[in-house]
A.B. asks: 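I'd like to ask you about the structure that follows.
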Amino acid sequence: MTMAKKLITSALPYVNNVPHLGNIIGCVLSADVYARFCRSQGYETLYICATDEYGTATEKKARDENMTPQEVCDKYHELHQKVYQAFDIQFDFFGRTSHPEHIEITQSIYRDLEKNGYILEQTTEQTYCAHDQLFLADRYVEGVCPHCGYDSARGDQCDQCGKLLQPTELKEPKCQICGNAPITKATTHLYLDLPQLAESLTRFRESSNDQGHWAPNAYSVAKSWIERGLLPRPITRDLKWGVPVPKKGYEDKVFYVWFDAPIGYISATKRGFPETWQDWWMDPQNTELYQFMAKDNIPFHTVVFPASQLGSGRDWTMLHHINSTEYLNYENDKFSKSRGIGVFGTDVIDLGLPIDLWRFYLLFNRPERSDSNFSWDGFLEDINSNFIDNIGNLLNRVLVFYQKHFPAQPFAAELSPREQDFLKEVQQEAQKARQQLEKVQLKEGLKTILALGRRGNKFFHDAEPWKEIKTQPERARALLVALVCLLREVGILLFPYMPTTSKRILTLLGEPTATMQNLCDWSKLSQAVASKPEILFKKLEKKEIEGFKAKFMGKQEPSVNPLVAFAKLDIKVGEVLEIKPHPKAERLFVEKIDLGGGDIRTIVSGLVKHYQAEDLLGKKVLVVSNLKSAPLRGVESQGMVLACEKKKKLEVLFSQAPVGTRLELPGQEVAPAAEITIEEFFACPLRVEEFQVQLEGKGLTLGGSPVTTLSLAEGKIA
RNA sequence: GGCGAAGUAGCUCAGCUGGUUAGAGCGUACGACUCAUAAUCGUAAGGUCGGCGGUUCGACCCCGCCCUUCGCUACCA
């Protein structure tokens with residue numbers, strides 16, 4: 001086995017979010033398991049993480065909470081630390097990017113890049129919106145793609161041909177926020193010349209993957225990024241909260257977060273280990289870098305950060321194995337802080353369950369190949385059946401039985417072929433789990449450990465020691481000793497996953513110091529005496545878990561009552577006075593619609609594919625009249641014409657009722673809001689069933705008569 | 001509408017570069033055992049591997065089309 005030093009990192013969590021279970025399993029916990037394995041294995045190991053603190057999001061949060069960005073970061077950094085501590089995450093150092101050390105290293109890497117000619121400086125006519133008074137982010141600029149001529153390519157990428165772009169390349173750029181043509185104010189920015197590094201990046205990707213066996217999703221993402229064609233990437237921004245740019249003329253700018261954040265791994269190491277950090281980061285021959293993260297972070301670790309390293313010309317330790325997970329969902333929904341969906345680190349602390357149970361569940365359900373799903377029912381099942389009934393019970397039944405018949409006696413016995421064969425199997429399985437851990441197959445490794453437990457239970461059952469003890473007590477004793485051997489291996493192997501539980505098991509077996517290094521070395525066991533047996537965990541109770549479930553459902557933002565949502569809508573009959581094609585959009589019409597009482601609106605609708613202009617002219621249609629207006633390709637749309645949609649078919653909701661008639665739900669008071677958002681509109685699940693427009697099965701009316709469709713029997717209203 | 005990912009037993013998931021009867025755990029049913037946290041052990045039921053075509057001697061795995069779900073995005077509003 002390789003004796004390389006193991007440098008392990010977990011993706012830097014962004015500071016202003018409370019980490020949820022998905023975040024935790026994705027990076028910090030997975031990396032912790034591997035780091036613990038490596039230490040137990042006797043490898044020289046360093047596990048580094050930090051909070052990522054710079055950027056717009058923090059500035060915004062600071063404004064919202066009326067604090068300085070630094071105060072925001074201080075507060076949340078501490079929160080992160082508390083959560084990770086609760087999860088028994090054992091960092092060798094947990095740093096933060098808003099630290100002088102970080103500034104120094106970021107700047108020095110920048111200087112290297114500049115010295116080596118990988119920095120481009122462009123004083124471009126950068127898109128600046130005079131109206132909104134800000135420089136526009138790439139994607140907020142649109143225009144004509146220089147490659148394929150597509151007329152609304154975004155500033156970062158063209159949707160038609162897929163090429164990566166810069167906003168400056170676009171012909172006829174436009175501000176997407178206000179629709180005005182942005183002023184192209186001269187701003188100077190620094191760019192990392194990725195094209196010049198493309199070849200080395202490809203070489204790096206291939207050789208690193210060959211040696212380190214990247215997670216498949218990481219390899220394919222990296223490949224497609226590079227093969228799509230790389231463009232120079234700006235590494236500075238017009239912001240305040242960030243790493244200052246050490247260059248004249250850049251006093252008002254900072255480095256872009258994506259540039260400085262990965263450098264946080266290095267700076268955190270340097271801060272934690274000022275004397276020895278270079279032994280890790282500047283010793284690629286003897287160091288293997290393992291990086292853990294969720295899938296959204298892949299490009300930065302496989303392309304962007306390696307590019308900075310390669311371009312700096314220094315002999316950095318570079319990515320060896322990338323372990324990128326998919327996402328964990330919560331009860332078939334996405335985790336969402338804003339909607340209050342999910343279990344967050346702070347919740348776990350409050351619930352007060354043994355942390356190893358959380359670790360077990362998360363690792364057992366680790367989203368390795370595809371997204372996986374947290375559910376309270378699954379939580380109960382997995383912990384009770386797969387862990388407690390299996391491992392917990394095996395430990396207990398073995399120790400209780402042994403204690404009863406051989407009190408205070410060491411685990412020594414003459415092993416017969418029956419035990420010897422069994423132990424060979426145990427050895428094989430234990431080695432298998434060890435190798436799976438070595439290869440960072442964390443979920444598989446855990447499953448192997450559970451299989452070991454099942455094997456033990458079967459051995460116990462088949463041998464019937466409760467009978468044997470009466471006739472051949474020494475034979476029964478040998479059996480139990482063999483099972484103690486198995487439990488010892490389980491105890492050792494469990495250490496990376498459930499450190500506290502591992503220690504408890506090994507202590508009960510009288511060998512608390514056993515590690516991965518003496519896996520399957522049973523020589524000390526014959527002197528070991530069991531402690532008084534104790535239950536590892538009592539089983540989770542259905543009632544308790546139901547309680548949690550209810551509590552967390554209650555915390556969620558209540559889903560909007562359809563009737564309440566409907567009450568806010570102001571849907572009226574309007575007559576199409578005028579209709580013409582949108583000047584800049586081939587799929588849109590621009591209509592003038594009379595809603596009665598002199599209220600005449602301009603409304604944009606995407607109906608070109610379904611209707612001719614003359615089919616609609618003069619017709620009366622249903623219109624959402626209190627919808628917040630929105631610019632569509634430069635034309636302000638002051639409402640929305642309703643239609644029924646099913647698959648690719650669409651039918652506009654026409655009406656014979658007088659202009660201005662309001663859509664009603666019999667028996668329901670309506671109190672239209674002055675203005676609603678498009679989200680509020682869609683919160684109301686209007687449908688057509690059997691040619692009838694309805695809400696929750698109740699038909700809607702216009703002046704007392706039902707609203708119907710002609711060709712589409714059912715569909716959604718949009 | 002565009003791009004991307006995915007669709008394998010009731011549930012959660014494995015199935016590498018195509019090759020005999022498609023796997024595991026949980027759950028369920030029945031049986032066994034009783035040392036143990038009503039735990040354990042055995043047996044069984046259960047899948048047209050989203051659908052339809054195609055390539056092939058042969059496809060869950062390759063190609064095309066379609067359906068569904070999810071994500072991102074848009075000339076959805």
Side-chain angles (χ1 to χ4, degrees), chain A residues 139 142 150-154 156-160 162 176 216-217 220-221 224 295-296 326-327 329 332-334 364-375 377-378 381-382 384-386 388-390 392-405 443-444 447 450-451 453-454 456-469 476 479-480 483 533-539 581-589 603-609 623-624 627-635 637-643 645 647-648 650 676-679 681-682 718:
Chain A
R139 59 161 54 184
E142 62 173 28
Y150 181 52
D151 73 344
S152 62
R154 281 174 297 130
D156 55 344
Q157 186 174 10
C158 171
D159 280 330
Q160 187 152 294
Q176 276 223 309
N217 59 356
S220 67
V221 167
S224 87
K295 59 182 165 189
D296 54 335
E326 303 286 322
Y327 291 139
N329 293 317
N332 294 312
D333 206 343
K334 275 186 302 178
F364 189 66
N365 290 286
R366 187 166 179 261
E368 297 188 350
R369 300 271 154 158
S370 57
D371 292 358
S372 65
N373 182 46
F374 172 94
S375 73
D377 293 339
E381 283 296 331
D382 286 343
N384 282 353
S385 302
N386 288 309
I388 298 179
D389 288 350
N390 176 3
N393 188 241
L394 179 64
L395 177 78
N396 188 243
R397 71 197 291 210
V398 167
L399 291 185
V400 166
F401 197 96
Y402 194 86
Q403 191 84 346
K404 189 160 145 196
H405 298 282
K443 190 154 75 168
E444 283 305 304
K447 286 183 174 172
L450 297 181
R454 264 182 261 113
N457 275 314
K458 179 172 165 51
F459 188 60
F460 195 123
H461 184 272
D462 290 349
E464 301 185 310
W466 53 91
K467 289 181 184 162
E468 228 168 38
I469 196 74
L479 176 95
L480 292 167
L483 282 164
E534 72 185 51
I535 298 283
L536 234 33
F537 299 105
K538 64 177 207 291
K539 290 174 72 165
H582 191 294
K584 289 294 293 176
E586 59 189 27
R587 292 199 341 241
L588 299 182
F589 283 126
I603 291 180
V604 180
S605 309
L607 301 171
V608 172
K609 275 179 67 184
V623 174
V624 185
L627 190 61
K628 184 177 193 265
S629 67
L632 288 177
R633 296 294 287 172
V635 176
S637 182
Q638 303 160 319
M640 173 178 181
V641 173
L642 291 182
E645 267 180 339
K647 299 285 167 67
K648 282 168 188 167
L650 181 147
I676 59 167
T677 63
I678 193 77
E679 286 77 21
F681 170 74
F682 283 116

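Letters A, B, ... are given to chains in the order of the sequence lines, protein chains preceding strands, and every chain is numbered from 1. Since we're looking at a predicted model, the values are computed, not measured.
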A.B. asks: According to ring-ring contact (aromatic ring centres under 6.0 Å, His included), who are the partners of A/F364, at least two apart in sequence or on a separate chain?
C.D. replies: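 In terms of ring-ring contact (aromatic ring centres under 6.0 Å, His included), with neighbours along the sequence ignored, A/F364 is linked to A/F360.
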A.B. asks: By salt bridge (charged side-chain N to carboxylate O under 4.0 Å, His left out), which residues pair with A/K443, not counting sequence neighbours?
C.D. replies: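 With neighbours one apart ignored, the set is empty.
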A.B. asks: Does A/F459 have any ring-ring contact (aromatic ring centres under 6.0 Å, His included) partners at least two apart in sequence or in another chain, and if so, which?
C.D. replies: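 Result, ring-ring contact (aromatic ring centres under 6.0 Å, His included) vs A/F459: A/F422.
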A.B. asks: Could you tell me the separation between the CD atom of A/E586 and the P atom of B/G2, rounded to a whole number of Å?
C.D. replies: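 Checked: the CD to P distance equals 12 Å.
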A.B. asks: Rounding to a whole Å, what distance do you find between A/E326:CD and B/A5:C1'?
C.D. replies: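 It works out to 8 Å between those atoms.
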A.B. asks: So, using salt bridge (charged side-chain N to carboxylate O under 4.0 Å, His left out) as the criterion, who are the partners of A/E381 when residues are at least two apart?
C.D. replies: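 Checked A/E381 against salt bridge (charged side-chain N to carboxylate O under 4.0 Å, His left out); zero matches.
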A.B. asks: Under the salt bridge (charged side-chain N to carboxylate O under 4.0 Å, His left out) rule, collect the residues that match up with A/K467, sequence neighbours excluded.
C.D. replies: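 Testing A/K467 for salt bridge (charged side-chain N to carboxylate O under 4.0 Å, His left out), a comparison that skips the adjacent residues, returns A/E464.
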A.B. asks: Rounding to an integer number of Å, can you tell me how far A/F589 CZ sits from B/C76 C1'?
C.D. replies: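 For the pair A/F589 CZ and B/C76 C1', the rounded distance is 15 Å.
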A.B. asks: Check every strand shown and say whether A/K628 touches a base, only sugar-phosphate, or nothing at a heavy-atom separation below 4.0 Å.
C.D. replies: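 Result for A/K628 = nothing.
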A.B. asks: Ignoring hydrogens, what is the shortest heavy-atom contact between A/K539 and A/D389? Give both atom names and the distance.
C.D. replies: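 Minimum heavy-atom contact is NZ-OD1, 2.9 Å.
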A.B. asks: With the criterion being N/O to N/O and under 3.5 Å, what pairs connect the protein with nucleotides 8-13 of chain B, and how long is each?
C.D. replies:
unit_1, atom_1, unit_2, atom_2, d
B/C13, OP1, A/D371, O, 3.3

A.B. asks: For each nucleotide in nucleotides 37-44 of chain B, reading 5' to 3', give B when a protein heavy atom comes within less than 4.0 Å of its base, S when such contact involves only the sugar-phosphate, and - otherwise.
C.D. replies: B-SBSS--
A.B. asks: Using the P atom on both, measure B/C66 against B/G4 and round to a whole Å.
C.D. replies: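 Comparing P positions in B/C66 and B/G4 gives a spacing of 14 Å.
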A.B. asks: I need the CG-P distance between A/L627 and B/C76, as an integer number of Å.
C.D. replies: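 About 13 Å, once rounded to whole Å.
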A.B. asks: Write down the distance between CG (A/L607) and P (B/C75), rounded to a whole number of angstrom.
C.D. replies: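 Rounded to whole Å, this separation is 16 Å.
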A.B. asks: Could you work out, with side chain to side chain contact (heavy atoms under 4.5 Å, CB included) as the rule, every residue matching A/K404, not counting sequence neighbours?
C.D. replies: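 Here no residue qualifies.
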A.B. asks: Can you measure A/K295 atom NZ to B/C72 atom C1' for me and round it to whole angstrom units?
C.D. replies: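 About 11 Å, once rounded to whole Å.
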A.B. asks: What residues, two or more places apart in sequence or in another chain, satisfy ring-ring contact (aromatic ring centres under 6.0 Å, His included) together with A/F460?
C.D. replies: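 So A/F460 forms no ring-ring contact (aromatic ring centres under 6.0 Å, His included) with any residue.
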A.B. asks: What is the distance, to the nearest angstrom, from the CZ atom on A/R587 to the P atom on B/C76?
C.D. replies: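 It is 6 Å, rounded to the nearest whole Å.
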A.B. asks: More than 12 heavy atoms of other residues, nucleotides or ligands under 6.0 Å from NZ of A/K628: is that the case?
C.D. replies: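 For A/K628, atom NZ is not crowded (no more than 12 foreign heavy atoms under 6.0 Å).
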A.B. asks: Measure from NZ on A/K334 to C1' on B/C70 and round the result to the nearest Å.
C.D. replies: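 For the pair A/K334 NZ and B/C70 C1', the rounded distance is 9 Å.
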A.B. asks: Give a yes/no verdict on base stacking between B/U34 and A/W466: centres under 5.5 Å, planes within less than 30° of parallel.
C.D. replies: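 Given the distance and angle limits, no, they do not stack.
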A.B. asks: What pairs with A/F401 under ring-ring contact (aromatic ring centres under 6.0 Å, His included), at least two apart in sequence or on another chain?
C.D. replies: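 Listed in chain order: A/H405.
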A.B. asks: Once Watson-Crick and G-U wobble pairs under 3.5 Å are found, how is RNA chain B written in dot-bracket notation, 5' to 3', with | for any base paired to another strand?
C.D. replies: (((((((..((((.....[...)))).(((((.......))))).....(((((..]....))))))))))))....
A.B. asks: Among residues at least two apart in sequence or on other chains, which ones pass salt bridge (charged side-chain N to carboxylate O under 4.0 Å, His left out) with A/E468?
C.D. replies: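 Per chain and number, A/E468 pairs via salt bridge (charged side-chain N to carboxylate O under 4.0 Å, His left out) with A/R418, A/R475.
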